[in-house]
Structure formats: C-alpha cells, structure tokens
Amino acid sequence: MTTEVTTCRLCGADELAGVVDLGATPPCELFLTADRLAAPEPTYPLHLRVCTSCWLAQLPPLITPEETFTEYAYFSSYSTSWVEHARRFVEQAGPQPGDFVVEVASNDGYLLQHVVERGVRCLGIEPSANVGRAAREKGVPTLTGFLTPETGRQVRAGHGPADLVVANNVYAHVPDVVGFTEGLRALVADHGRVSIEVQHLLTLMELNQFDTIYHEHFQYYTVASAQRALASGGLHLVDVELLPTHGGSIRLWAQPEEAPVSQRVVDVLAREKAAGLHELSGYADFAARVAKVRRDLLRFLIDAADAGETVVGYGAPGKGNTLLNYCGVRPDLLAYTVDRNPYKHGRYTPGSRIPVHPPERIAADRPDYVLVLPWNLREELVEQLSYVREWGGRLVFPIPSLEVVG
C-alpha cells in the first residue's frame, strides 16, 4: 500500500494512503447509444484513498456532479424493495400535519410520495431534471437544483425551516462535503432533525464491495468520519442505525443542538476501531481480496464460454459497471444484461459495451446462467428471477465472493 500526497477534502491534510486501485473506467451511469459506439469514450482513474488524519476514504473529484446528475439514468422507484424501505422510514419518522419535510436528492419522489399521502407539507430538491419531472408527475413538489448553503437559505426563506431533512444516498455524492453539510444546516430548524443514509465503509471492506466504488461516489464513511463531516457544517451526530440496504448502510441522525450520543453510536465506533478502520492497518489487505473476486469471476465466465454455456446479466446498476470494467468483462463473456428501467433499453454499458435489453429477454432466451449485478437486492431478485429454474438456469452472485445458486 503506497502513500500519495493529495489534499483531504474534509480536514485538508496532505497525505492520503492508497486503498485499492481499480484502474481507469468511464463514469458509471453514462450509458451509450448505438450511434456513440464508434466515438471515443473518456475514462478516469478509480483509485480509492484514505486520509490518515481524519480517516475519510475518498476519490479525487475527477468529474463534477453536474456532469453526472443533470440528466440521470437512475430512477429509485424501479426497486420495489427500496420504495418499501422509504415507506417504512416515513412511518418511523412520523411527520405530522403542520410539519415541513425536505428531502435532498429526492430522485423520482420514491420517498416523499409517502409524505404527501400523510397530508404533510414537503419539498424535494433534485438536480436531475428528468427524474425530478417524474416526481412532480406523482404530485411531489420538487425544486431542480443542487444543495448548497445558498440553496438551503433560499428554501428556508421561501418555505420556512424544515422539521425533518432527509438525505438518502447522496452524502457520498458531493465533493464539497463541508458546503453540502452547511446546506443541510441551513434547511433544518434549530429543533429539527436530519436523517442521512449512506453506505458504511465497514461493510464495504468486510464484504469486498469494491464495485460500489465509482466516480460519482466521492467519499465513503465510517461513523467516525461521518461524525467529523457533520460537525464541519454545524450538525451534531446523536444516533445511528445499521441498515441492510446497499449491502450495509448507516442511518445517521443529526441535529443542530448538541446532545450526548446514543449507545448505538458508541457501539458502532467500537466495531470500526476493532476492525482497524481508525488506523492504516485495517486497509492493508483489501486490494488483494478485490483481486481474488476478479480472478474468480473471470475464471467462471471463461469456463462457461469454453463449455458452450450462455451467461447474461440482470440489472445495469452503477456498481455493475465498476465490476464489469475492473474485471475486463466484454460481450464475449456476458452476452447482454437486462434492466427494468426503459431509459437504458437499447443502450450499452459504459466501457464494457454490453447491450441492455428489457427483462423479458431472459425468459425468451433461457440462458444457462444469470449474473446478478445489483447483488444488494438479492432477496428481491431471487424471487423475481425464480422462473429461471424452470429450464435449469442458475443465478450467479459475484460479491462478496462468487456463488452460483440454482
């Protein structure tokens, strides 16, 4: 593991240690249309580093959020389990008539639709015009834009302070983590709450989830580094929940008013320390474990091709594109993949150039194996793909280690 000199975006320290280098890949959500296949495709280094001062794991900001999120290919509502997860959260948070709820990176209204159903005033802030349009069609008020301190102040001035601010799967997507946190503070009332869901670096490391490393994720949090990030913008961490979503996430509860942290915060910080994530030793063998995942997947795909067996993919998520590009998988090893999102149909995955079809293609072709790329939705997809067993087909899960299930 080498140490390279850069600047930490949270604490400003000038030494970051290399954790894993995944080569160079295109932005993971820039799916190609057929007329773009002969054009040059830019790639960017994908090298995860960790700050040895504040322990924030991070990627250099080689692409901007504007390049990724102005027109976005990901619609949250295409995941049934994620919509249900959002419904349960709203039920747990319990906003009441008279409250004001703001969600940052509200996508297609997958969460705020449940707030609207409760008769609670709300607003989504969503930078992608195409998915924000889908939210408004559901009756979810949505502002098109990125959250900055100024945006937060403008929303507060126009709508009043928010009793609850939600930021799911966005805290990793902002290169200016301090400015974004200041924006959250500007939105929330002095007595209000902020809920942030983000992937937990602890499970990413423990379960070899390297495919969740891609350019639109600028940082990867432990509870310890998240606590520091929140404090940088004037918010205090008071509680944390461990969630199974996205392979293992944390829900951070923060507020402007200082208060003692819960026992759950103390317990998770102790787990992180025991795993070595508050020092350099905990990151030492990750690259070797990642390389083994690549070798195992390639060995399986090559053996299947040599045996005349067909392998296709299910899903076209960003994480799948990191996996395919790092492993060097091309259409000779994975004929195509399918996705429920019509936006991706007829397009090609970035870098690997694998065609994306509607899900019905699998039943029509009856392949021998289906490689499941959104492995984080395993329970949901095993049920959705149960029909594959009708012709003796089997499902393949590449993460945390290769597993073939019939």
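In this text, all values refer to a predicted model and were calculated from it rather than measured experimentally.
Looking at every heavy atom in both residues, Cys8 comes nearest to Leu16 through N-CD1, 3.7 Å. Between Thr142 and Arg136, the shortest heavy-atom contact is O-NH1, 2.9 Å. Among all heavy-atom pairs drawn from Ser81 and Leu377, the shortest one is OG-CD2, 3.5 Å. Residue Pro45 comes nearest to Leu62 through the heavy atom pair O-CD1, 3.4 Å, listed as atom of the first residue, atom of the second, then distance. Taking all atoms of both residues into account, the shortest heavy-atom contact from Val405 to Glu403 is CG1-OE2, 3.5 Å. When all heavy atoms of Pro317 and Leu373 are compared, the closest pair comes out as CD-CB, 3.9 Å.
Judged by distance alone, the side chains of His345 and Asp339 never bring a donor and an acceptor atom under 3.5 Å apart. Residues Asp368 and Thr310 have side chains that bring a donor and an acceptor to within less than 3.5 angstrom of each other. Side-chain contact check for Gln384 and Glu380: at least one donor-acceptor pair (N or O, by modelled atom type) lies under 3.5 Å. Using modelled atom types, one finds no donor on one side chain facing an acceptor on the other under 3.5 Å when comparing Ser225 with Tyr220. Between the side chains of Ser281 and Glu279, at least one donor N or O sits under 3.5 Å from an acceptor N or O. When only modelled atom types and interatomic distance are considered, Asn130 and Ser128 share no side-chain donor-acceptor pair under 3.5 Å. A donor-acceptor contact closer than 3.5 angstrom is absent between the side chains of Ser249 and Glu197.
Between Tyr348 atom OH and Glu41 atom CD the span is 13.0 Å, to the nearest 0.5 Å. Separating the CG atom in Leu187 from the OG1 atom in Thr151 is a distance of 8.5 Å, to the nearest 0.5 Å. Atom CG of Leu243 is separated from atom CZ of Arg251 by 5.0 Å, given to the nearest 0.5 angstrom. Here Leu371 contributes atom CG and Leu395 contributes atom CG; the two are 10.0 Å apart, rounded to the nearest 0.5 Å. Rounding to the nearest 0.5 angstrom, the gap separating the CD atom in Gln219 from the OH atom in Tyr221 is 3.5 Å. Expressed to the nearest 0.5 Å, how far CG of Asp176 lies from CZ of Phe146 amounts to 12.5 Å.
In this structure, Thr322 and Lys319 have side chains that are not in contact, with every pair of non-hydrogen atoms separated by 4.5 Å or more. You'll find the side chain of Val238 stays beyond 4.5 Å of the side chain of Ser262, heavy atoms only. Taking 4.5 Å as the limit, some side-chain heavy atom of Phe286 sits within range of a side-chain heavy atom of Phe210. Taking 4.5 Å as the limit, every side-chain heavy atom of Leu237 sits out of range of all side-chain heavy atoms of Trp253. Annotation: side chain of Asp163 is in contact with side chain of His191 (closest heavy-atom distance under 4.5 Å). Between Pro367 and Trp391 there is a side-chain heavy-atom pair separated by less than 4.5 Å. Considering only heavy atoms from C-beta on, Val293 stays 4.5 Å or farther from Leu402 through its side chain. Residues Val312 and Val338 fail the side-chain proximity criterion, which asks for heavy atoms closer than 4.5 Å.
Applying the ring pair (Phe, Tyr, Trp, His ring centres under 6.0 Å) rule to His85 yields the partners Trp82; only residues at least two apart in sequence or on another chain are considered. Listed by chain and residue number, Phe100, Val102, Val165 satisfy the side chain to side chain contact (heavy atoms under 4.5 Å, CB included) test with Ala162 (two or more places apart in sequence, or in another chain). In this structure, the side chain to side chain contact (heavy atoms under 4.5 Å, CB included) partners of Thr25, at least two apart in sequence or on a different chain, are Leu46, His215, Asn325.
Arg289 places a side-chain N or O within donor-acceptor distance of the main-chain N or O of Met205, the cut-off being under 3.5 Å. The backbone N or O of Gly109 sits nowhere less than 3.5 Å from a side-chain atom of Ser106 that would complete a donor-acceptor pair. No side-chain donor-acceptor contact under 3.5 Å links Arg340 to the backbone of Pro358. Judged purely by atom type and a 3.5 angstrom limit, Thr337 uses its side chain to pair as donor or acceptor with the backbone of Gly313.
Atom CD of Glu379 is surrounded by 12 or fewer heavy atoms from other residues, nucleotides or ligands within 6.0 Å. By the neighbour-count criterion of 12 heavy atoms within 6.0 Å, atom CZ of Arg36 is sparsely surrounded, having that number or fewer from other residues, nucleotides or ligands. For Glu383, the CD atom counts as loosely surrounded, since its 6.0 Å shell holds 12 or fewer non-hydrogen atoms of other residues, nucleotides or ligands.
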Please evaluate residues Gln58 and Val50 with respect to the criterion side-chain contact (heavy atoms from CB on, under 4.5 Å), reporting the C-alpha separation (whole Å), side-chain torsions for both, the decisive distance (0.1 Å), and the verdict. CA-CA 6 Å; Gln58 54 201 278; Val50 65; over 6 Å; no
Candidate pair Glu91 and His114, rule side-chain contact (heavy atoms from CB on, under 4.5 Å), full reasoning: CA-CA 9 Å; Glu91 188 175 276; His114 305 296; over 6 Å; no
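For His173 and His217, the distance between ring centers is under 6.0 angstrom. You'll find the ring centres of Tyr369 and Phe300 inside the 6.0 Å limit.
A cation-pi arrangement is present between Arg347 and Tyr343 under the rule of less than 6.0 angstrom and at most 45 degrees off the ring axis.
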